[in-house]
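Both backbone and side-chain heavy atoms feed into the values below; hydrogens, waters and symmetry mates do not. Indexing begins at 1, ligand by ligand and atom by atom, following the structure's order.
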Amino acid sequence: MFIYLNDYNMLQDELNNIRHSAAHMLAAAVLELYPGTKLGIGPVIENGFYYDFEFPEGADISEDSLKKIEKKMKHFIKQNHTFEGQKVSAKKAMEMEKDEPFKQELIKDLEAKGEEITFYQSGPFMDLCQGGHVKSTKEIPINGLKLQKLAGAYWRGDEKRPMLTRIYGLLFSTKEELDNHLKMLEEAKKRDHRKLGKELDLFTFSDLVGPGLPLWTPKGTLLRNILDDFVWELRKERGYEKVSIPHITKKELYETSGHWQKFSDQLYKINTREGHEFAMKPMNCPHHTQIYNHLSRSYKDLPQRYAETTTCYRDEQTGELHGLSRVRAFAQDDAHVFCRQSQVKEEFLKIWDIIDIFYKAVGFDELDVRLSLHDPENFDAYLGTPELWQRAEDAIRSIAKEKGVKFTEEIGEAAFYGPKVDFITKDSIGREWQVATIQLDINLPDRFDLTCVNETGEKERIVMVHAAIMGSLERFLSIFIEHHAGAFPVWVSPVQVQFVPVSEKHVGGALEMLKEFREAGIRVDIDSADETVGNKVRKAVGQKVPYILVVGDKELSGEELMIRVRGQEDQEKMSKEDFMARVKQETDERSV
Ligand SMILES: [Zn+2]
Ligand SMILES: [Zn+2]
């Protein structure tokens with residue numbers, strides 16, 4: 001079962017044109033209301049658009065100003081302005097934008113890249129723009145439009161450049177879609193992983209360490225390790241072995257892999273005292289090839305399956321950082337399979353199984369499958385030859401067909417070294433996320449001359465499969481935390497049972513009981529603060545602990561326990577043994 005994305009893409013293109021055209025009208029409204037404002041850029045984003053402005057000094061812009069701007073914007077939209085394009089020379093363009101320093105910078109860039117320079121006039125407003133508009137602003141659905149918020153944004157995401165004011169707009173085809181989206185945003189705010197990370201004490205950031213560099217607390221580390229151990233358990237059953245590599249490398253490794261050229265902006269580079277150039281690793285594949293290659297391999301040794309959860313480093317721009325979803329240091333649960341072409345299918349399907357099992361156990365029931373292919377019209381962005389790509393893409397397509405699932409294909413989403421199978425899931429408030437990925441690599445084996453000796457004694461080129469399950473643990477956890485709103489399944493919860501002694505005199509007895517739980521492998525914590533029971537229970541509820549056990553005279557005298565179960569009104573009565581067995585079972589079965 002295979003669906004062409006063409007129809008969908010057409011609709012998406014249309015919507016993108018509508019959204020981007022609205023950005024023009026936003027700029028027109030701002031210029032009308034705040035003459036002298038300098039313009040940045042106004043691209044389409046998911047669910048809408050934004051425009052960056054440098055407001056003149058003294059302009060008092062706040063969330064309240066948005067209503068006024070929105071009104072003016074809608075006024076322009078209703079005037080049914082058309083979009084008329086014209087191509088101009090760089091010289092002419094510089095003249096036209098003589099009061100717009102940011103636009104001038106863009107013109108210079110376009111000129112340097114040898115690209116066309118075009119302007120679009122719509123009603124009162126002309127803008128430097130590469131196009132993608134509606135014919136007339138009457139196509140913009142006014143009822144689905146809302147200016148959403150203001151934010152500071154560095155020009156070009158660079159903290160050394162001026163801070164501009166970004167105005168975000170939402171734009172949907174209908175008012176109903178807009179309202180649904182606003183409701184979803186309300187819900188998203190409540191479960192924002194940055195907020196929950198603090199409340200549940202999972203991770204933190206330090207000004208001294210720097211932005212984009214998360215620090216994991218004991219509780220957060222436990223959460224990571226529980227998930228990572230599970231991935232490892234699934235891999236181990238399928239013949240993977242752990243390897244371990246340093247976090248830096250000589251430049252030459254990345255020159256060979258192609259990362260030095262393709263990834264240069266994002267590499268942290270280091271100069272050694274002996275004058276060598278090193279880099280922090282942005283990924284692990286090149287290092288792993290050297291483990292494969294340190295021995296001559298017979299076909300009988302294959303597949304070699306290496307797994308390692310290890311930190312990677314990427315020089316993201318400060319303005320682009322966001323909580324755990326976009327960071328400068330992140331751990332990957334990475335794995336690479338080195339195998340023969342004839343083994344690719346089996347290895348792919350094994351990884352696919354791990355992905356199915358893992359995502360079900362962490363509460364994501366449905367995974368959409370997307371084949372991410374290269375864009376033949378932009379072949380410079382990739383390594384290798386068209387023939388190699390064709391063969392690799394045919395291979396993953398036939399594997400997906402064999403798996404018997406629905407899948408889509410998307411041009412231009414491949415990695416620069418090979419096509420991918422990407423897995424996309426929906427969270428509990430309807431947002432889509434790309435999570436796991438399996439990648440077939442036809443290029444690194446060439447670049448590193450990876451071979452095995454085959455049955456006839458000849459050297460045979462092998463292939464590599466990249467197989468991250470969570471991918472970046474940081475990014476995965478941001479999705480996981482928000483999906484569950486911090487109320488994790490019992491088997492993943494860092495604290496499964498919170499003990500709450502009624503008073504000082506019950507602490508000793510509670511500790512004894514806690515020891516029993518701990519010895520049975522149950523993760524427990526105790527709140528022995530000198531506070532009221534009500535207070536301590538409220539705290540534990542706020543921590544979203546699955547089970548709360550108040551320990552008083554009755555509980556210590558061997559009577560049945562009263563358990564507060566997360567999300568339940570009534571307490572449950574059961575014996576200590578039954579309760580422990582229940583928590584154990586939920587943990588062992590990894591039930592959601
Ligand atoms: Zn435009
Ligand atoms: Zn890799």
| So which N/O/S atom does His466 have closest to the Zn ion (ligand 2)? | ND1
| message | Need the atom name: nearest N/O/S atom of His336 to the Zn ion (ligand 2). | response |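 Of all N, O or S atoms in His336, the Zn ion (ligand 2) lies closest to NE2.
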| task | Would you mind naming the N, O or S atom of His24 nearest to the Zn ion (ligand 1)? | result |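 Output for this pair reads NE2.
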| message | Before moving on, can you tell me the angle at the Zn ion (ligand 1) between the SG atom of Cys129 and the NE2 atom of His20, to the nearest 10 degrees? | response |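 Roughly 100°, rounded to 10°.
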| task | Over 60° means perpendicular and under 30° means parallel, so classify the ring planes of His24 and His20, tilted if in between. | result | perpendicular
| message | Can you tell me how the ring of Tyr51 sits relative to the ring of Phe125, calling it parallel under 30°, perpendicular over 60° and tilted otherwise? | response | perpendicular
| task | For Tyr306 and His336, run ring-ring contact (aromatic ring centres under 6.0 Å, His included): C-alpha distance rounded to whole Å, both residues' side-chain angles, the deciding distance at 0.1 Å, then the answer. | result | CA-CA 5 Å; Tyr306 302 153; His336 295 103; 8.5 Å; no
| task | Indicate if the distance from the Zn ion (ligand 2) to the nearest N, O or S atom of Cys285 falls below 2.8 Å. | result | yes
| query | With Thr310, which of Gln332, His287, Lys281 fulfils side-chain hydrogen bond (donor to acceptor under 3.5 Å, both in side chains)? | reply | Lys281
| field | Exercise: identify the closest heavy-atom pair between Ile18 and Pro141 | value |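 That would be CG2-CD, 3.6 Å.
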